[in-house]
Structures are given as structure tokens and as C-alpha cells.
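Quantities reported herein were computed from a predicted structural model and do not represent experimental measurements. Each ligand, and each atom within it, is numbered from 1 in the order the structure gives.
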Amino acid sequence: MKIGIIGAGQIGGTLARRLTALGHQVSVANSRGPETLAGLAAETGAKPVSVADAARSGELVIVTIPEKNIAKLPRDVFAGTPDNVVIVDTGNYYPRQRDGRIDAIEAGITESRWVAQQLNRPVIKAFNNIYARHLMELGRPNGTPGRIALPVAGGDGAAKAVVLQLVDELGFDGVDAGGLDESWRQQPGTPVYAKDFDAGGVRRALSEASKERKPEWRATSNSPRSFENPA
Ligand SMILES: NC(=O)c1ccc[n+]([C@@H]2O[C@H](COP(=O)([O-])OP(=O)(O)OC[C@H]3O[C@@H](n4cnc5c(N)ncnc54)[C@H](OP(=O)(O)O)[C@@H]3O)[C@@H](O)[C@H]2O)c1
């Protein structure tokens with residue numbers, strides 16, 4: 001598959017490595033420009049490109065940058081991307097450690113619904129609940145007992161099927177976690193977050209999740225407002 005990746009950090013770099021190794025044609029972008037990705041390109045064969053090109057160069061495009069930076073992407077970044085291209089969001093909202101306050105998420109919409117609104121495109125939520133190192137190292141062939149499973153959420157069944165297939169190729173069982181507005185079940189602080197459960201464990205954890213954000217996953221009165229919010 002032709003795959004674009006926006007973000008070349010822990011998750012973007014890991015996915016570039018794993019997906020090229022599987023034979024996919026990967027184009028990857030960061031914020032500083034393609035010339036800063038020569039090392040990753042030499043290592044993996046992924047093609048370093050601009051953000052605009054990464055958004056247009058795949059049958060599937062993975063957006064994997066810090067949540068607060070989502071709103072810094074051009075609003076029309078996917079304007080030239082055909083509707084049938086699958087957009088994947090790996091993001092998590094870390095108001096205290098990294099992102100500051102994002103009002104809409106604090107008010108209750110799911111993190112990926114907010115991302116979809118910013119990008120002006122439906123997204124599929126995946127890879128948000130596994131550590132990058134585990135994504136790199138812990139994939140196993142289909143059928144391996146105890147194989148780690150990953151929840152995949154989104155409203156478009158065909159797009160979700162593409163991502164579930166990719167999750168399997170990467171060595172993990174994919175679990176359909178429902179639509180985007182259900183994806184609070186896999187956000188930070190939930191039972192499935194960073195736990196490496198197998199498919200049964202993921203289903204159980206999703207069903208036991210609580211919609212209420214835990215205090216440690218909420219902004220405080222001191223949290224800087226992310227710039228995109230009204231003052
Ligand atoms: N790390 C994990 O284990 C993990 C696991 C699951 C999910 N996640 C989530 O996945 C997302 C990415 O996390 P990460 O740990 O991979 O982040 P990271 O290591 O900090 O890397 C972030 C990447 O995003 C790029 N970037 C930032 N702003 C950008 C912009 N405006 N346009 C284009 N590229 C931009 C950065 O490029 P420059 O370096 O050029 O600025 C960098 O390549 C986050 O939401 C995180 O919470 C992380």
C-alpha cells in the first residue's frame with residue numbers, strides 16, 4: 001500500500017520502520033522539512049516529503065503528532081486528498097504534560113472527534129494505546145497465543161477494515177472498538193490504555209471503561225490554553 005505519515009517521532013518513526021519492512025511504500029513528513037529526515041530515509045527506504053505531500057501520497061495517511069500541534073496543520077491539509085483515502089489518528093491528549101488546555105476536549109468530545117474536526121476529515125483512531133517500543137518489538141504472527149490486541153475506532157466500516165487489516169499485518173489482533181464517539185473507551189487513563197491485553201482483554205477493558213475523564217487527564221486552572229481556543 002502507499003502510506004503517508006505526518007509525524008516522524010516515536011510513533012511515526014516506528015510505523016515508518018515497520019511498514020517499510022512489510023513492503024509498503026511510505027512517505028513521511030515532520031515539521032522541520034524533508035531534509036531533516038535523511039537518516040530515517042536511509043534506514044528505512046521511506047521517502048521524506050513535505051506535510052502537504054504526505055497528506056496526498058497515500059491510500060492511507062497516518063497523522064501522528066502531538067495533539068496541540070494538530071491545530072497548527074493547515075486547515076486544508078487534506079483538501080486535495082481523495083475521499084476514499086483512510087486517515088488514521090494515533091493521538092492522545094496530555095493536557096498536563098504536553099498539550100495544555102483544549103477546551104472542546106475538556107468539554108466532553110472525544111479526542112479523535114476533535115482531531116477529525118480540525119482536519120475536516122473523518123479519522124480512524126488506532127495505535128494510540130500502545131507504547132512505540134512495543135509497537136516496534138511485540139508484534140507476533142496471527143494465531144500466536146496471547147497476541148497483543150489493539151482497539152480501532154471509527155465510523156466508516158470500510159476504512160476501519162483497512163486499518164484492522166494493517167494492524168494484523170503489523171502483528172497485532174485488531175478489535176473493533178465502535179464509532180469515533182465511543183473512542184473515549186481507549187483514551188489515556190482507561191483500562192485498555194498502555195496495557196498490552198489480548199483480544200479478550202481489550203474487549204473486557206473497553207466494556208469496563210468510564211466516560212468520565214480522570215482528574216489527572218484533565219487540564220488545571222494553570223494549564224496554558226492551546227492557541228487555537230478562543231481567549
Ligand atoms: N510515544 C508513544 O509511545 C505513543 C504511543 C501511542 C500514541 N502516541 C501519541 O501519538 C502522537 C505522536 O506521538 P510521538 O510520541 O510519536 O511524538 P514525538 O516523538 O514527539 O514526535 C512528534 C513528531 O511530530 C512532528 N510534528 C510536530 N508538529 C508537527 C506539525 N505541525 N507538522 C508536521 N509534523 C509535526 C515532529 O516533527 P519535528 O520533530 O520536525 O517537530 C515529530 O516528528 C501523540 O499524540 C502521542 O500522544 C504516542
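Atom 3 (O) of ligand 1 has Ala132 N, 2.9 Å as its closest protein atom, hydrogens excluded (heavy atom only). Counting only heavy atoms of the protein, atom 13 (O) of ligand 1 lies nearest to Thr64 OG1, 4.4 Å. In terms of protein heavy atoms, atom 21 (O) of ligand 1 is closest to Gly9 CA, 3.2 Å. Ranking protein heavy atoms by distance to atom 40 (O) of ligand 1, first place goes to Arg32 NE, 2.7 Å. Looking from atom 30 (C) of ligand 1 to the surrounding protein, the closest heavy atom is Ser31 CB, 3.8 Å. When hydrogens are left out, the protein atom nearest atom 15 (O) of ligand 1 is Gln10 CB, 3.5 Å; that is the closest non-hydrogen contact. Protein heavy atom in closest approach to atom 35 (C) of ligand 1: Ile65 CG2, 3.5 Å.
Close N/O approach between Thr90 and ligand 1 is found [any backbone or side-chain N/O within under 3.5 Å]. Taking distance alone, with nitrogen or oxygen atoms compared against 3.5 Å, Gly91 stays at or beyond that limit from ligand 1. The N/O atoms of Lys72, backbone and side chain alike, include none that comes under 3.5 Å of an N/O atom in ligand 1. Taking distance alone, with nitrogen or oxygen atoms compared against 3.5 Å, Ala29 stays at or beyond that limit from ligand 1. On a distance-only criterion, Ile11 and ligand 1 share at least one N/O pair closer than 3.5 Å.
In this structure, Gln117 places its CD atom where more than 12 heavy-atom neighbours from other residues, nucleotides or ligands lie under 6.0 Å away. No more than 12 heavy atoms of other residues, nucleotides or ligands shown are found within 6.0 angstrom of CZ on Arg204.
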For this session: Go through the steps for Tyr93 and Trp114 under the test ring-ring contact (aromatic ring centres under 6.0 Å, His included), then give the verdict.
Result: CA-CA 10 Å; Tyr93 173 50; Trp114 179 79; 7.9 Å; no
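Below 4.0 Å from some heavy atom of Ala8 lie the following atoms of ligand 1, by number and element: 23 (C), 42 (C), 43 (O). If you number the atoms of ligand 1 from 1 as listed, the ones under 4.0 Å from a heavy atom of Phe127 come out as 6 (C), 7 (C). Interface atoms of ligand 1 facing Tyr131, defined by a heavy-atom separation under 4.0 Å, are 3 (O).
With hydrophobic clusters built from ILVMFWY side chains whose heavy atoms lie under 4.5 angstrom apart, Val115 does not share a cluster with Val86. In the hydrophobic clustering of ILVMFWY residues, with side-chain heavy atoms under 4.5 Å counting as a link, Leu37 and Ile65 come out apart. A single hydrophobic cluster is seen to contain both Val88 and Leu15, as judged by linkage of ILVMFWY side chains at heavy-atom distances under 4.5 Å, directly or through other members.
For the pair Arg98 and ligand 1, a heavy-atom separation below 4.0 Å is found. Using a non-hydrogen distance threshold of 4.0 Å, Ile130 registers as a contact of ligand 1. The closest approach between Pro66 and ligand 1 falls below 4.0 Å for a heavy atom of the residue.
With distances taken over non-hydrogen atoms, the option nearest atom 8 (N) of ligand 1 out of Asn69, Asn129, Ile5, Asn92 is Asn92.
Using modelled atom types and a 3.5 Å distance limit, the side chains of Asp53 and Ser27 yield no donor-acceptor pair. Between Arg133 and Gln10, the side chains place no donor N or O within less than 3.5 Å of an acceptor N or O (distance only, hydrogens not considered).
When each of Asp176, Val167, Val175 is paired with Val152, the side-chain contact (heavy atoms from CB on, under 4.5 Å) condition holds for Val167 and for no other.
A salt bridge does not link Arg96 with Glu216: every distance from a Lys NZ or Arg NE/NH1/NH2 to an Asp or Glu carboxylate oxygen is 4.0 Å or more.
Only the side chain of Leu73 comes within 4.0 Å of ligand 1, judged by heavy-atom distances. Under 4.0 Å from ligand 1, not a single heavy atom of Arg133 appears. Only side-chain heavy atoms of Val51 come within less than 4.0 Å of ligand 1; its backbone N, CA, C and O stay farther off.
In this view, Asn128 and Asn92, Gln186 satisfy the side-chain hydrogen bond (donor to acceptor under 3.5 Å, both in side chains) rule, not counting sequence neighbours.
The aromatic rings of Tyr94 and Tyr193 lie tilted to each other, with the angle between the two planes from 30° to 60°.
Atom CD of Glu169 and atom CZ of Arg18 lie 10.0 Å apart (nearest 0.5 Å).
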